[in-house]
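What you see below is based on every heavy atom in this structure, not just the backbone, and it leaves out hydrogens, waters and symmetry mates. Numbered from 1 within each chain, the chains take letters A, B, ... in sequence-line order.
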Number of protein chains: 2
Amino acid sequence: MADWLAEAQKRLEQYLTQQGLRRTQERRHILEAIYQELAHFDAETLYRHLQEKGYKISRATVYNSLELFVACGLVKRYSFAGGRMLYERSLGRRQHDHLICEECGEIQEFCDPSLGAVTEAVGRLFSMEPVRHELVIYARCARPDCPNKNKLLPLP
Amino acid sequence: MADWLAEAQKRLEQYLTQQGLRRTQERRHILEAIYQELAHFDAETLYRHLQEKGYKISRATVYNSLELFVACGLVKRYSFAGGRMLYERSLGRRQHDHLICEECGEIQEFCDPSLGAVTEAVGRLFSMEPVRHELVIYARCARPDCPNKNKLLPLP
DNA sequence: CTAAATGCAAATGTTTTGCACCTGG
DNA sequence: CCAGGTGCAAAACATTTGCATTTAG
């Protein structure tokens, strides 16, 4: 399963049909942009990216579609980073969390398998069923210019 | 050390003097409100609370002071929950994280000592120094009306 | 006195909404 | 066709900023 865009498109069509929603060009284009070129992005970045690709898609539709994609599990939404929502595609990516450099804002990703146990235990403690979690570690680079040379962990 | 408001006031005076900043009534009143009555709150809630108490303090000053309190460690700021910042007092509270009910939005708190080890390990992985972290678990109550009867963990 | 804070209102930036028009099924 | 979607612009929010006025030291 290397072509996650294709898989995402397939699932989108499925979901839309299932729900009696429409399979529009806009939704296809937006999903394509997300799965082809964007890693972490906010709505505005996605909007401008689409404009640059020549698609005439409105901000309203971008927001709309993001909500839809989150609803059907094709995109994940995070609320860190100064009051604006960040999104990322979810297919083909294993569960991970984020480390943000307080100096430059760069976002790194990491996996920690032990977190599953933590959320389970906490859920039991409150008799609730954990749905998802968000762990953000804010950190400072030791080096003066914070180059963030050590890039993302090799995640699929 | 039971009177955390007094301690907070003391530290504020100290900090302001140290930094050559002014010890204003507004800052005192705001800090008092936070330490006396507010658990988790956003800026607007704090603002209205102050109005109700009869203080004529502007929103600008509220935001200003919150930033100051965060800077000097008297208040913690979180960015979860739909794009608005949440604050809580930090003195007299041990490190904890949050569980949010997706149905009713109620916030629970919990301690997990193992998280320290996680942030340490991740910091080492990226050669960065972890400054703080935010773990939010989103969960659903099993019971239909999600009463959230089991309140906050007995934290100091 | 005077630099720092405050209050107010205007600006900013992000997300949502209302409504006329368009389009997939 | 026609309900669901889209585009546009206005509205809604939370937060920040500019500037005249007040005040702590």
Side-chain angles (χ1 to χ4, degrees), chain A residues 9 12-33 38 40-51 53-72 75-87 105, chain B residues 9 12-33 38 40-51 53-72 74-75 77-87 105:
Chain A
Q9 295 284 24
L12 177 62
E13 307 294 274
Q14 242 176 323
Y15 179 79
L16 293 174
T17 304
Q18 212 170 50
Q19 304 287 312
L21 305 173
R22 290 193 186 158
R23 306 179 300 130
T24 65
Q25 299 247 338
E26 288 80 359
R27 287 169 175 168
R28 270 192 282 270
H29 292 326
I30 297 175
L31 190 63
E32 183 182 299
L38 270 24
H40 299 95
F41 59 94
D42 55 30
E44 185 63 22
T45 303
L46 174 53
Y47 169 72
R48 282 210 265 265
H49 185 79
L50 290 162
Q51 298 300 94
K53 287 185 74 171
Y55 298 125
K56 300 280 179 281
I57 298 176
S58 72
R59 250 175 278 259
T61 299
V62 169
Y63 279 101
N64 236 336
S65 302
L66 282 173
E67 200 174 316
L68 179 77
F69 297 161
V70 170
C72 69
V75 164
K76 280 195 173 139
R77 166 154 75 163
Y78 301 98
S79 54
F80 45 72
R84 85 157 141 288
M85 302 295 195
L86 282 193
Y87 300 85
Chain B
Q9 295 283 25
L12 177 61
E13 308 293 274
Q14 242 176 324
Y15 179 79
L16 294 173
T17 305
Q18 212 170 50
Q19 306 284 314
L21 304 173
R22 291 192 185 160
R23 306 179 301 133
T24 65
Q25 300 245 339
E26 288 81 359
R27 285 169 177 170
R28 269 191 284 270
H29 292 325
I30 297 175
L31 191 62
E32 183 182 297
L38 269 26
H40 299 95
F41 59 95
D42 56 30
E44 184 64 19
T45 302
L46 175 54
Y47 170 72
R48 281 210 265 264
H49 185 80
L50 290 162
Q51 299 299 95
K53 287 185 73 171
Y55 297 124
K56 300 282 179 285
I57 298 176
S58 71
R59 251 175 276 259
T61 299
V62 169
Y63 279 101
N64 235 339
S65 301
L66 282 172
E67 199 174 318
L68 180 77
F69 298 162
V70 170
C72 69
L74 292 171
V75 164
R77 167 154 73 166
Y78 301 98
S79 53
F80 43 72
R84 83 159 141 288
M85 303 294 194
L86 282 193
Y87 299 85

Value in whole Å for how far the C1' atom of D:dG25 lies from CD of B:Glu13: 13 Å

More than 12 heavy atoms from other groups under 6.0 Å of CD on B:Glu13: yes

Trace of the side chain to side chain donor-acceptor pair (under 3.5 Å) decision for A:Asp42 with A:Thr45: CA-CA 5 Å; A:Asp42 55 30; A:Thr45 303; 2.5 Å; yes

Atom-pair distance (CZ on B:Arg84; P on D:dA12), nearest Å: 17 Å

Residue mapping more 5' on DNA chain D - nearest nucleotide basis, B:Glu44 or A:Tyr47: A:Tyr47

Distance in angstrom units between B:Asp42 CG and D:dT16 P, rounded: 13 Å

A:Leu50 CG to A:Glu26 CD distance, which is reported to the nearest 0.5 Å: 10.5 Å

CD/B:Glu67: more than 12 non-hydrogen atoms of other groups inside 6.0 Å: no

Basic-acidic side-chain contact under 4.0 Å: B:Glu32, B:Arg28: no

Atom-to-atom span, OH of A:Tyr78 to C1' of C:dT14 - whole angstrom: 20 Å

d(CE, A:Met85; P, C:dG13) in whole Å: 19 Å

Using the 3.5 Å cut-off, write out each protein N or O paired with an N or O of nucleotides 21-25 of chain C and the distance between them.
unit_1	atom_1	unit_2	atom_2	d
C:dT23	O2	A:Arg22	NH1	2.8
C:dG24	N2	A:Arg22	NH2	3.0
C:dG25	OP1	A:Arg23	N	3.4
C:dG25	OP1	A:Arg23	NE	3.2

C:dC8 phosphate, OP1 or OP2, under 4.0 Å from B:Arg59 side-chain N/O: no

Full working for side chain to side chain contact (heavy atoms under 4.5 Å, CB included) between B:Arg27 and B:Leu21: CA-CA 11 Å; B:Arg27 285 169 177 170; B:Leu21 304 173; 4.1 Å; yes

Short side-chain N/O contact from B:Tyr63 to OP1 or OP2 of D:dT15, under 4.0 Å: yes

Derivation and outcome, side chain to side chain contact (heavy atoms under 4.5 Å, CB included), residues B:Leu68 and B:Leu12: CA-CA 9 Å; B:Leu68 180 77; B:Leu12 177 61; 4.3 Å; yes

Nearest-Å distance for atom pair CG/C1', residues B:Asn64 and D:dT23: 15 Å

Euclidean distance, atom OH of residue A:Tyr87 to atom C1' of C:dT14 [Å, nearest integer]: 10 Å

Which nucleotide in C:dT14, C:dG7, D:dT6 has an atom nearest any side-chain atom of A:Arg27: D:dT6

Nearest-nucleotide pick for A:Thr61, side chain only, options being C:dG7, C:dT15, D:dT6: D:dT6

Distance, rounded to the nearest Å, where B:Gln51 contributes CD and C:dG7 contributes P: 9 Å

